[in-house]
Asker: 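Could you have a look at this structure, given as structure tokens, before my questions?
So that the names make sense, note that chain A is the first sequence line, chain B the second, and so on, each numbered from 1.
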There are 2 protein chains.
Amino acid sequence: MNDDAQLETDLRAEGVRVTRQRLAILHVLRMASDHPRAEDILNRAKVQDPSVSQATVYRTLAMLEKAGTVLKNEFDGAGARYELAGGAHHDHLIDLDTGEVIEFHSQKIERLQAEIAADLGYDIEWHRLELYGRRPKAR
Amino acid sequence: MNDDAQLETDLRAEGVRVTRQRLAILHVLRMASDHPRAEDILNRAKVQDPSVSQATVYRTLAMLEKAGTVLKNEFDGAGARYELAGGAHHDHLIDLDTGEVIEFHSQKIERLQAEIAADLGYDIEWHRLELYGRRPKAR
DNA sequence: TGACTTTTCGCAAATCGTTCTCATTATCAT
DNA sequence: ATGATAATGAGAACGATTTGCGAAAAGTCA
Ligand SMILES: [Mn+2]
Ligand SMILES: [Mn+2]
Ligand SMILES: [Zn+2]
Ligand SMILES: [Zn+2]
């Protein structure tokens, strides 16, 4: 597990200045496992550094997304939800009752997507696969 | 091919009043094959009835969506894009260069999605599968 | 048709998440 | 430490969509 000093290294690797605010935001993302919204990230970052502003949260997220460090998910409903990009590609299942986000991956689906696009004469740049469902009522 | 008188029947079937504006909007949707945005629908509807307003376009689309007559697609980028729900379920491939929307359907993928959700203990209510790609440059 | 009730309309103002402006502050190579 | 300049906070602006409100149109039943 990376400690907070690693965050500084990560930022420097991207050639940007290491600011308190960016460290706080990255720390929040490191700790999160719930695909938080910008507003959640702001609130959590403020615990570590009360000076963090909304504008900086959005700016930092946009910057990290461009750098490939962060993934921005535009699920149905309110605003975007973010997560660190670290691991392998995965798609999401959203619980319509709780809002919980569950991750999954299907090599078969990924392959089929590529085949379909190829048949249509396209190369896929990226894709979005989201399942919206609920747990069947106890029975 | 349905004529415009059919539109009136469609509206009555939904138990709402038949207005010039609604007929114009439905007509536009009937003619469209390009997944138009609300703004496009407004502009096209104005040709038939210049009195149609933006608010009515949004209100009518929301109403038709709730009735299951219209599908609202929230693709990446600007605003939502609409289409009549008539046919069979399909997903979309968006051309990143032209914005063109291509429809496709894979029974295999649909089945895999259901299996994945079932394994996770969920029933899928709806899903979104969008492929974003481009035609390989001529070579 | 005309009076009466209900729905829908256009317009403008409000929302909401996100982006931008700009004066001020902080980082960092020197 | 100093200076160049990147990054920040506060709040205004934005764009798509939604909503409140009084006016107009649609449905109802003589
Ligand atoms: Mn995820
Ligand atoms: Mn379609
Ligand atoms: Zn995937
Ligand atoms: Zn599908």
Asker: What's the shortest heavy-atom distance between A:Ile25 and A:Ala45, and which atoms?
Answerer: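 Closest pair (atom of A:Ile25, atom of A:Ala45, distance): CG1-CB, 4.3 Å.
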Asker: For B:Asn43, give me all partners under side-chain contact (heavy atoms from CB on, under 4.5 Å), at least two apart in sequence or on another chain.
Answerer: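 Counting only residues at least two positions away or on another chain, B:Asn43 forms a side-chain contact (heavy atoms from CB on, under 4.5 Å) with B:Glu39.
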Asker: Atom CG of A:Leu23 to atom P of C:dT27: distance rounded to whole Å?
Answerer: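 Rounded to the whole Å, the gap is 10 Å.
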Asker: Round to the nearest Å and state the distance from A:Asp76 atom CG to C:dC16 atom P.
Answerer: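 For the pair A:Asp76 CG and C:dC16 P, the rounded distance is 17 Å.
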Asker: Taking B:Arg22 for the side chain and B:Arg17 for the main chain, is one N or O donor matched with an acceptor at less than 3.5 Å?
Answerer: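 Confirmed, B:Arg22 side chain pairs with B:Arg17 backbone.
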Asker: A:Leu131 and A:Leu129: which non-hydrogen atoms are nearest, and at how many Å?
Answerer: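 Taking every non-hydrogen atom into account, CD2-CD1, 4.1 Å.
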Asker: Mind checking what makes side-chain hydrogen bond (donor to acceptor under 3.5 Å, both in side chains) contact with A:Asp119, not counting sequence neighbours?
Answerer: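 Once residues adjacent in sequence are excluded, A:Asp119 has no partner under the side-chain hydrogen bond (donor to acceptor under 3.5 Å, both in side chains) criterion.
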Asker: For A:Asp40 and C:dT18, what is the distance between atoms CG and P respectively, to the nearest whole Å?
Answerer: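 It is 11 Å, rounded to the nearest whole Å.
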Asker: Rounding to an integer number of Å, can you tell me how far A:Leu61 CG sits from C:dT19 P?
Answerer: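 Rounded to whole Å, this separation is 10 Å.
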Asker: Rounding to a whole Å, what distance do you find between B:Arg22:CZ and D:dA26:P?
Answerer: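 Interatomic distance, CZ of B:Arg22 to P of D:dA26: 11 Å.
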Asker: Listed by chain and number, what are the salt bridge (Lys or Arg N to Asp or Glu O under 4.0 Å) partners of B:Arg111, not counting sequence neighbours?
Answerer: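 Checked B:Arg111 against salt bridge (Lys or Arg N to Asp or Glu O under 4.0 Å); zero matches.
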Asker: So for the helix from C:dT1-D:dA30 to C:dT30-D:dA1, with five pairs setting each end axis, what is the inter-axis angle to 10°?
Answerer: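 Between the first-five-pair axis and the last-five-pair axis there is 30°.
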Asker: Search all heavy atoms of B:Leu42 against all heavy atoms of B:Gln54 and return the closest pair with its distance.
Answerer: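 For B:Leu42 versus B:Gln54, the nearest heavy atoms are CD1-N, 3.8 Å.
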Asker: Please, which pairs that meet side chain to side chain donor-acceptor pair (under 3.5 Å) have at least one residue in residues 63-76 of chain A, sequence neighbours excluded?
Answerer: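 Qualifying pairs: A:Glu14-A:Thr69, A:Asn73-A:Glu83.
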Asker: If you compare all heavy atoms of A:Tyr122 against all heavy atoms of B:Glu100, which two are closest, and at what distance to 0.1 Å?
Answerer: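 Nearest heavy atoms, A:Tyr122 then B:Glu100: OH-OE1, 3.9 Å.
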Asker: Rounded to the Å, how far apart are A:Tyr58 OH and D:dA7 C1'?
Answerer: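 In whole Å, D:dA7 C1' lies 19 Å from A:Tyr58 OH.
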Asker: Short question: side chain of B:Thr60, backbone of B:Thr56 - any donor-acceptor pair under 3.5 Å?
Answerer: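 Pair found, side chain donor or acceptor close to backbone of B:Thr56.
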Asker: N/O contacts under 3.5 Å, protein versus nucleotides 11-13 of chain C?
Answerer:
none

Asker: With 3.5 Å as the limit, what N/O pairs link the protein to nucleotides 28-30 of chain C?
Answerer:
| residue | atom | partner | partner atom | Å |
| --- | --- | --- | --- | --- |
| C:dC28 | OP1 | A:Arg12 | NH1 | 3.3 |
| C:dC28 | OP1 | A:Val18 | N | 3.0 |

Asker: Atom CD of A:Glu39 and atom P of C:dC16: how far apart are they, to the nearest Å?
Answerer: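 Going from A:Glu39 (CD) to C:dC16 (P), I get 11 Å.
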Asker: Going by the rule side-chain hydrogen bond (donor to acceptor under 3.5 Å, both in side chains), which residues pair with A:Gln113 if we only count those two or more places apart in sequence or in a different chain?
Answerer: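 For A:Gln113, the residues satisfying side-chain hydrogen bond (donor to acceptor under 3.5 Å, both in side chains) (neighbours in sequence not counted) are A:His127.
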Asker: Which pair of heavy atoms, one from B:Tyr132 and one from A:Arg128, lies closest together, and at what distance?
Answerer: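 So the minimum-distance heavy-atom pair works out to OH-NH1, 3.7 Å.
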Asker: Taking only residues two or more places apart in sequence or in another chain, which ones pass side-chain hydrogen bond (donor to acceptor under 3.5 Å, both in side chains) with B:Tyr58?
Answerer: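 Partners of B:Tyr58 by the side-chain hydrogen bond (donor to acceptor under 3.5 Å, both in side chains) criterion come out as none, since no residue qualifies.
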Asker: Are A:Val70 and A:Val52 connected in a single hydrophobic cluster, I mean Ile/Leu/Val/Met/Phe/Trp/Tyr linked by side-chain heavy atoms less than 4.5 Å apart?
Answerer: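 Yes, it is one cluster - the side chains of A:Val52 and A:Val70 are joined through contacts under 4.5 Å.
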Asker: Check this one for me: any side-chain N or O of B:Gln21 less than 4.0 Å away from OP1 or OP2 of D:dA25?
Answerer: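 So the side-chain polar atoms of B:Gln21 never come under 4.0 Å of the phosphate oxygens OP1 or OP2 of D:dA25.
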Asker: Got B:Leu29 and B:Leu61 here, is their nearest side-chain heavy-atom distance under 4.5 Å?
Answerer: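 Yes, their side chains come closer than 4.5 Å.
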Asker: Given atom CZ of A:Arg81 and atom C1' of C:dC16, what is their separation to the nearest angstrom?
Answerer: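 Rounding to the nearest Å, CZ of A:Arg81 and C1' of C:dC16 are 17 Å apart.
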Asker: Are there any protein N/O atoms within less than 3.5 Å of an N/O atom in nucleotides 13-15 of chain D, and if so, which ones and at what distance?
Answerer:
none

Asker: Can you name the residues that form a side-chain contact (heavy atoms from CB on, under 4.5 Å) with A:Val101, not counting sequence neighbours?
Answerer: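 So A:Val101 forms a side-chain contact (heavy atoms from CB on, under 4.5 Å) with A:His35, A:Phe75, A:Arg81, A:His92, A:Ile94.
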Asker: List in numerical order all residues of residues 62-74 of chain B for which some heavy atom is under 4.0 Å away from an atom belonging to DNA chain C.
Answerer: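 None, since no heavy atom is under 4.0 Å.
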